[in-house]
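Heavy atoms only: backbone and side chains are in, while hydrogens, waters and symmetry mates are out.
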Amino acid sequence: MIPPPSMANYSHAGDHNILQNVSPLATFLKLTSLGFIIGVGVVGNLLISILLVKDKSLHRAPYYFLLDLCASDILRSAICFPFVFTSVKNGSAWTYGTLTCKVIAFLGVLSCFHTAFMLFCVSVTRYLAIAHHRFYTKRLTLWTCLAVVCMVWTLSVAMAFPPVLDVGTYSFIREEDQCTFQHRSFRANDSLGFMLLLALILLATQLVYLKLIFFVHDRRKMKPVQFVPAVSQNWTFHGPGASGQAAANWLAGFGRGPTPPTLLGIRQNGNAAGRRRLLVLDEFKTEKRISRMFYVMTFFFLSLWGPYLVACYWRVFARGPAVPGGYLTAAVWMSFAQAAVNPFICIFSNRELRRCFSTTLLYCRKSRLPREPYCVI
């Protein structure tokens, strides 16, 4: 059993050995990059959150989840990163005590697991939105989204809270300039289980998106609709092509019931609240664009956290050489940068968010697209 590291080894701000090992240029680069990450992480995610709350056309399922992701990144950028900034400024030393270190480490791990769980739930809802749109439209309401968000936060707290009660699990890591999980040999603590669960969540998310890609690819290979002429006997139309006459009767006001197949793409006029239009080609493209945006977020999350996970596995299983300092520093700062990339992904990969951003926040122009809810009749 490896004894837990003592906080006193890291908390003495006047340790000359620590100060001598830190290069002034490296400290300057760390402070500059971390300051940029904090600014973009707080301001960028806050602007996206204000946009999602203020613009009523964005009050639907995928953007509720995006709002929750922005709130998680704001929490990490505004609370955890300033302590990292201070520790770097003090020469990789922690001066705030053991309890504060555990709280900051808990919030950092909580944000990481929350983002992973939420991206997995989003991938499932994206598959439902395209493959089972009728079920998605009827079931994924505001209250359903709220229940999913509460479930994700509950699971994240359940994953991040147990190490708080374990002595030495959450501690200050001088090589990383942060309070986080103390990754030691798999025989010393339970860090391997936490990392395996995180890896499984990311793998499951990729598999869901892979299944969605196969679904869209298979639908592209479907044969086009063949229109068969209707058969008329005494002015009574029947057969496969009778929908044309049914459409004419429906437009003339002599028909009741659902919209005929030939009119599925026609917009219905009227002020009735119950009048909605079907999911047609433009809405299908919108759902695909939203799915692409969330997949880019998932890809960047995996890419930016991947090197740090490799370093953690190295610490758990390797008994020989330690993780190279340059690789570890780059991996840690890449994991920090993940909290600041989502605003750029939202703006550059989502046309609807760009339009709403220029209309709602910048007041550049009025929207030319109709804003009406969609559902399946």
Quick one, [X] and [Y] - any side-chain contact, counting heavy atoms below 4.5 Å?
X	Y	value
L353	L66	yes
L58	C356	yes
C112	L198	yes
F172	Q178	no
C70	N342	no
L196	Y313	yes
F113	V109	yes
P324	W314	yes

Please check if the number of heavy atoms outside [X] that lie under 6.0 Å from its [atom1] is greater than 12.
X	atom1	result
Y127	OH	yes
R289	CZ	yes
Y327	OH	yes

Between atom [atom1] of [X] and atom [atom2] of [Y], what is the distance when rounded to the nearest 0.5 Å?
X	Y	atom1	atom2	answer
Q338	S77	CD	OG	8.5 Å
R76	T115	CZ	OG1	7.5 Å
C145	L67	SG	CG	11.0 Å
S72	H114	OG	NE2	5.0 Å
T359	K54	OG1	NZ	11.5 Å

Q. Is it true that the side chains of Q182 and T169 contain a donor and an acceptor less than 3.5 Å apart?
A.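 Checked: Q182/T169 side chains show no N/O donor-acceptor pair below 3.5 Å.
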Q. Under the side-chain hydrogen bond (donor to acceptor under 3.5 Å, both in side chains) test, which residues partner Y308, sequence neighbours left out?
A.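 side-chain hydrogen bond (donor to acceptor under 3.5 Å, both in side chains) check on Y308 returns E176.
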Q: Not counting sequence neighbours, which residues clear side-chain hydrogen bond (donor to acceptor under 3.5 Å, both in side chains) with T141? List them please.
A: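 Result, side-chain hydrogen bond (donor to acceptor under 3.5 Å, both in side chains) vs T141: T144.
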What closest approach, in Å, do [X] and [Y] show between heavy atoms, and which atom pair accounts for it?
X	Y	value
F65	L140	CE1-CD2, 4.4 Å
A158	P162	O-CD, 3.0 Å
L31	F85	O-CE1, 3.4 Å
C80	L107	SG-CB, 3.7 Å
S57	E352	O-OE2, 4.2 Å

Q. Any chain of hydrophobic side-chain contacts (each under 4.5 Å) joining V53 to L69?
A.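 Linked, V53 and L69 end up in one cluster.
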Q) Do F36 and V43 share a hydrophobic cluster, counting only Ile, Leu, Val, Met, Phe, Trp and Tyr and linking them when any side-chain heavy atoms are less than 4.5 Å apart? A)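 No.
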Q. With under 30° as parallel and over 60° as perpendicular, where do the rings of F181 and F194 fit, or are they tilted in between?
A.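 Tilted, since the angle between the ring planes falls between 30° and 60°.
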(Q) Would the distance check show the side chain of S92 and the main-chain N or O of V88 forming a donor-acceptor pair, the cut-off being under 3.5 Å? (A)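 Checked: no pair found.
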**Q.** Partners meeting ring pair (Phe, Tyr, Trp, His ring centres under 6.0 Å) with F81 (sequence neighbours left out)
**A.**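 Here the qualifying residues are F336.
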Q: Could I get the full list of ring pair (Phe, Tyr, Trp, His ring centres under 6.0 Å) partners for Y63, not counting sequence neighbours?
A: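 By the ring pair (Phe, Tyr, Trp, His ring centres under 6.0 Å) rule, Y63 matches no residue at all.
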Q: Please lay out, stage by stage, how F294 and S123 fare under the test side-chain contact (heavy atoms from CB on, under 4.5 Å).
A: CA-CA 8 Å; F294 280 111; S123 67; over 6 Å; no
Q) Do the ring centers of F106 and Y170 come within less than 6.0 Å of each other? A)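 No.
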Q | Candidates I345, V122, V341 - the one meeting side-chain contact (heavy atoms from CB on, under 4.5 Å) with M297 | A |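 Option passing the side-chain contact (heavy atoms from CB on, under 4.5 Å) with M297: I345.
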For residues 200-213, please give each side-chain donor-acceptor pair under 3.5 Å, one per line with the distance, not counting sequence neighbours.
from: T205; atom 1: OG1; to: I201; atom 2: O; distance (Å): 2.8
from: Q206; atom 1: OE1; to: Y295; atom 2: OH; distance (Å): 3.4

What side-chain donor-acceptor pairs closer than 3.5 Å can you find for residues 45-52, not counting sequence neighbours?
from: N45; atom 1: ND2; to: G41; atom 2: O; distance (Å): 2.6
from: N45; atom 1: ND2; to: A339; atom 2: O; distance (Å): 3.1
from: S49; atom 1: OG; to: N45; atom 2: O; distance (Å): 2.7

Q.
I'd like to know whether D177 forms a side-chain hydrogen bond (donor to acceptor under 3.5 Å, both in side chains) with S87, so could you lay out the CA-CA distance, the side-chain angles of the two residues, the decisive distance to 0.1 Å, and finally the verdict.
A. CA-CA 6 Å; D177 297 302; S87 66; 4.7 Å; no
Q.
Could you walk me through whether W94 and C101 satisfy the side-chain contact (heavy atoms from CB on, under 4.5 Å) test, starting with their C-alpha distance in whole Å, then the side-chain angles of each, then the deciding distance to 0.1 Å, before giving a yes or no?
A. CA-CA 8 Å; W94 182 263; C101 181; 3.7 Å; yes
